[in-house]
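Structure record follows, encoded as structure tokens.
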Amino acid sequence: MSHKSALRPRYLKLHAVLVFAFLFLPIGVLVFFSFNQARSGTDFTGFSTKWYSDLIHNHQALQAFRNTLKVAIAATVVATVIGTLASFALTRFKFRGRSAYSTLIFVSLVMPEVVMGVSLLAFYANIAHFKLGLTTVILAHVTFCIAFVVVVVNARLASFDNRLVEAAADLGATPFQTFLRVVLPLAAPGIAAGAMLAFTISLDDVVITFFTSGPGSTTLPLYIFSSLKFGVSPSINALSTFVLVFSLILLAVGGLFSARSAKRGVTAIDVNALG
Amino acid sequence: MSVVAPPEIPPSAAPPDPARPDPPRHRRTLPEWVKANLLLLPTSVWFAFLLVIPLLIIIEYSLGKRGVIDPVHFTWSHLRYANYKDALDPDRLPIFVRSIEYAAISTFACVLLGFPLAYWIARFGGRFRNVYLVLVIIPFLTSYLIRIYAWQVILQDNGLLNRLLGDLGLGNHHVFINHAFAVILGLTYGFLPFMILPLYASIERMDVALVEASYDLGHGKVSTFFRVILPTVSPGLVAGVLLVFIPAVGDFVTPSLLGGVRTQMIGSTIADQFGGSQNWPLGSAMSVLLMLFILAGVFVYLRRVGEEAL
């Protein structure tokens with residue numbers, strides 16, 4: 001018997017090709033039509049980059065892009081710092097209420113985006129009396145990013161060898177020195193992966209931003225979402241293509257980064273953290 | 001000469017007992033629970049104000065009524081349960097049922113599409129395995145909104161699919177958008193990578209020798225699949241089902257972009273209550289019900305399939 005497998009590779013390969021086509025064809029169609037000369041319809045009347053050059057003069061879109069970056073950077077920094085601290089507490093110390101805390105993290109992960117959005121809107125509008133703007137969007141983004149940072153950093157710290165800390169202490173390092181020279185470098189790839197995930201999620205968020213932003217604090221996904229009310233248009237296709245390319249560049253940078261740290265036995269996109 | 005008695009050595013100055021821990025170093029370290037709570041403090045404060053209090057407000061609002069000036073009028077003496085009755089009345093109950101139905105079908109479709117792919121990458125991917133994996137990670141990390149929008153380009157009335165069907169002589173006036181089909185397709189497409197990645201992670205860890213052993217012991221293909229492969233990869237399957245079903249059931253983007261009035265889901269309905277319809281108490285009641293459903297569902301699901309599976 002050549003292949004004693006319950007699942008035959010030949011059929012599996014065909015299936016794989018079809019699923020990959022399913023995953024990428026729609027994106028390809030979108031990119032293709034962003035270069036269409038015609039304003040509407042599915043007639044490809046000629047190659048054109050005018051929808052891209054129009055983007056440069058689209059002040060609303062540019063402003064939205066700037067807002068997106070501001071929000072994503074601010075939210076990632078804050079969520080990564082405080083999420084990492086929380087992860088250290090949850091993985092390196094035993095204390096009462098630890099499992100309750102993990103439950104809280106879990107609740108924030110499974111909470112539907114719409115529910116988080118409307119609850120923050122209610123909080124901002126009627127309790128805190130915050131004016132909706134960039135600050136309220138950043139506060140909201142940090143809230144949903146924390147849990148992702150904690151989960152990813154936890155996965156890294158779970159495989160942490162505590163004997164290294166003991167060894168450092170035996171060799172006369174103070175707890176602070178041990179943290180700075182031993183714990184932090186070992187956790188760094190996990191922290192970087194958590195930050196990258198937080199950044200990507202913040203960059204793409206539309207639902208929570210929908211409820212927590214005000215005039216002038218529209219982000220790029222929200223700008224695209226609002227434009228879709230007026231139907232499909234080549235300029236939205238171009239803008240979407242731009243966002244896709246931007247994400248791909250980020251992914252490539254993250255990939256290079258993780259390829260470098262893979263030599264030290266970790267990857268930035270640790271699929272095991274999901275299982 | 002007077003003999004000066006040597007000063008009495010106080011017992012504390014005795015050479016330190018090597019068996020005893022160093023006292024000053026001991027004094028500097030705080031108890032573990034204090035350290036843990038200090039580290040947790042920023043996240044605790046953050047979650048208290050921006051997660052717990054907002055959720056409590058939604059619960060409070062769900063027991064109030066529509067205000068004249070403020071969106072909600074709430075008094076402790078008149079707790080109203082009418083919003084829950086409204087949320088589950090014959091007009092709106094189908095929205096809940098539909099959301100669960102669409103999410104369940106999409107999750108099932110993701111398993112059917114994702115499992116063989118994950119299995120193929122993990123076991124037969126060869127030296128291009130990482131390339132295939134990146135091909136799954138790319139849609140995983142690119143904008144959900146844009147990927148759903150791409151389907152709008154294809155499925156809209158004068159979209160690509162109608163054109164292709166027209167060219168084949170099958171008519172080009174089909175309506176795809178606003179149908180359950182479009183929404184389920186969008187959900188499946190949008191969340192498929194969330195199924196593949198955890199499945200891959202656990203299939204990759206599977207010991208192939210187990211499969212071989214099963215054949216050697218006389219089990220057939222079907223029996224091996226259900227008795228050996230499936231149980232070993234169940235952690236990934238459990239994680240994948242949760243990662244697809246939970247966001248799908250409360251999704252707001254796909255029903256808004258690919259759906260119509262007859263295919264509205266709970267997420268888009270809640271959003272509408274806080275937007276156009278301005279019925280915050282009803283929207284709050286629906287949010288509470290959705291949240292309870294998800295938490296109860298996850299709890300029961302993990303109890304049944306085993307928490308250790310995760």
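Proteins get letters first, then strands, A, B, ... in listed order; numbering begins at 1 in each. All heavy atoms count here, side chains included; hydrogens, waters and symmetry mates do not.
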Using non-hydrogen atoms only, which part of [X] is less than 4.5 Å away from chain A: side chain, backbone, both, or neither?
{"X": "B:V288", "answer": "neither"}
{"X": "B:L55", "answer": "both"}
{"X": "B:L38", "answer": "neither"}
{"X": "B:L192", "answer": "side chain"}
{"X": "B:F194", "answer": "neither"}
{"X": "B:L257", "answer": "side chain"}
{"X": "B:L155", "answer": "neither"}

If I take atom [atom1] from residue [X] and atom [atom2] from residue [Y], how far apart are they, to the nearest 0.5 angstrom?
{"X": "B:F140", "Y": "A:L23", "atom1": "CZ", "atom2": "CG", "answer": "13.0 Å"}
{"X": "A:S119", "Y": "B:M291", "atom1": "OG", "atom2": "CE", "answer": "8.5 Å"}
{"X": "A:L244", "Y": "B:T142", "atom1": "CG", "atom2": "OG1", "answer": "6.0 Å"}
{"X": "B:F124", "Y": "A:R10", "atom1": "CZ", "atom2": "CZ", "answer": "12.0 Å"}
{"X": "A:L85", "Y": "B:L41", "atom1": "CG", "atom2": "CG", "answer": "10.0 Å"}
{"X": "A:M111", "Y": "B:L295", "atom1": "CE", "atom2": "CG", "answer": "9.5 Å"}

Using the ring centroid of each side chain, check whether B:F49 and A:F123 are separated by less than 6.0 Å. no
Answer with yes or no after comparing the ring centroid distance for B:F299 and A:F106 against a 6.0 Å cut-off, counting only values under it. no
What residue, out of [options], has the most heavy-atom pairs lying under 4.5 Å from chain A?
{"options": "B:L135, B:L56, B:I58", "result": "B:L135"}
{"options": "B:I138, B:I53, B:I294, B:I266", "result": "B:I138"}
{"options": "B:S143, B:G114, B:P42", "result": "B:S143"}
{"options": "B:I270, B:L51, B:I246", "result": "B:L51"}
{"options": "B:G267, B:P193, B:S284, B:P54", "result": "B:P54"}

Tell me, for [X] versus chain B, whether the close heavy atoms (under 4.5 Å) come from the side chain, the backbone, both or neither.
{"X": "A:V107", "result": "both"}
{"X": "A:S233", "result": "backbone"}
{"X": "A:F144", "result": "neither"}
{"X": "A:V110", "result": "both"}
{"X": "A:N237", "result": "both"}
{"X": "A:V81", "result": "neither"}
{"X": "A:I201", "result": "neither"}
{"X": "A:V29", "result": "side chain"}
{"X": "A:F246", "result": "neither"}
{"X": "A:I82", "result": "both"}
{"X": "A:L120", "result": "both"}

Pair A:Y101, B:S44: side-chain N/O donor-acceptor within cut-off below 3.5 Å: yes
Which one wins on heavy-atom pair count under 4.5 Å against chain B: [options]?
{"options": "A:V206, A:L104, A:T84", "answer": "A:L104"}
{"options": "A:V115, A:V207, A:T241, A:V118", "answer": "A:V118"}
{"options": "A:M116, A:E113, A:K94, A:R92", "answer": "A:K94"}
{"options": "A:A122, A:G97, A:A128", "answer": "A:A122"}
{"options": "A:I27, A:V150, A:L197", "answer": "A:I27"}
{"options": "A:L90, A:V243, A:L203, A:I236", "answer": "A:I236"}

Minimal non-hydrogen separation, [X] against [Y], with atom names:
{"X": "B:A150", "Y": "A:P26", "answer": "CB-O, 3.5 Å"}
{"X": "A:P112", "Y": "B:G250", "answer": "CB-CA, 4.4 Å"}
{"X": "A:F33", "Y": "B:V153", "answer": "CD1-CG1, 4.3 Å"}

A side-chain contact here means heavy atoms from C-beta on lying under 4.5 Å apart; do [X] and [Y] qualify?
{"X": "A:N126", "Y": "B:I57", "value": "no"}
{"X": "A:D204", "Y": "B:L145", "value": "no"}
{"X": "A:I224", "Y": "B:Y149", "value": "no"}
{"X": "B:S256", "Y": "A:F225", "value": "yes"}
{"X": "A:T143", "Y": "B:W46", "value": "yes"}
{"X": "B:I146", "Y": "A:L239", "value": "no"}
{"X": "A:F95", "Y": "B:V34", "value": "no"}

How are the rings of B:Y189 and A:F22 set to each other: parallel, tilted or perpendicular (split at 30° and 60°)? perpendicular
Taking it one step at a time, do B:W120 and A:K13 satisfy side chain to side chain contact (heavy atoms under 4.5 Å, CB included)? CA-CA 7 Å; B:W120 180 74; A:K13 191 173 182 179; 3.7 Å; yes
Under the rule for side-chain hydrogen bond (donor to acceptor under 3.5 Å, both in side chains), what residues qualify as partners of B:S268, not counting sequence neighbours? B:Q264
Under a 3.5 Å distance rule, please check whether A:T200 uses its side chain to pair with a backbone N or O of B:L141 as donor and acceptor. no
Output yes when a side-chain donor or acceptor of B:E32 lies under 3.5 Å from a complementary backbone atom of A:F93, and no otherwise. no
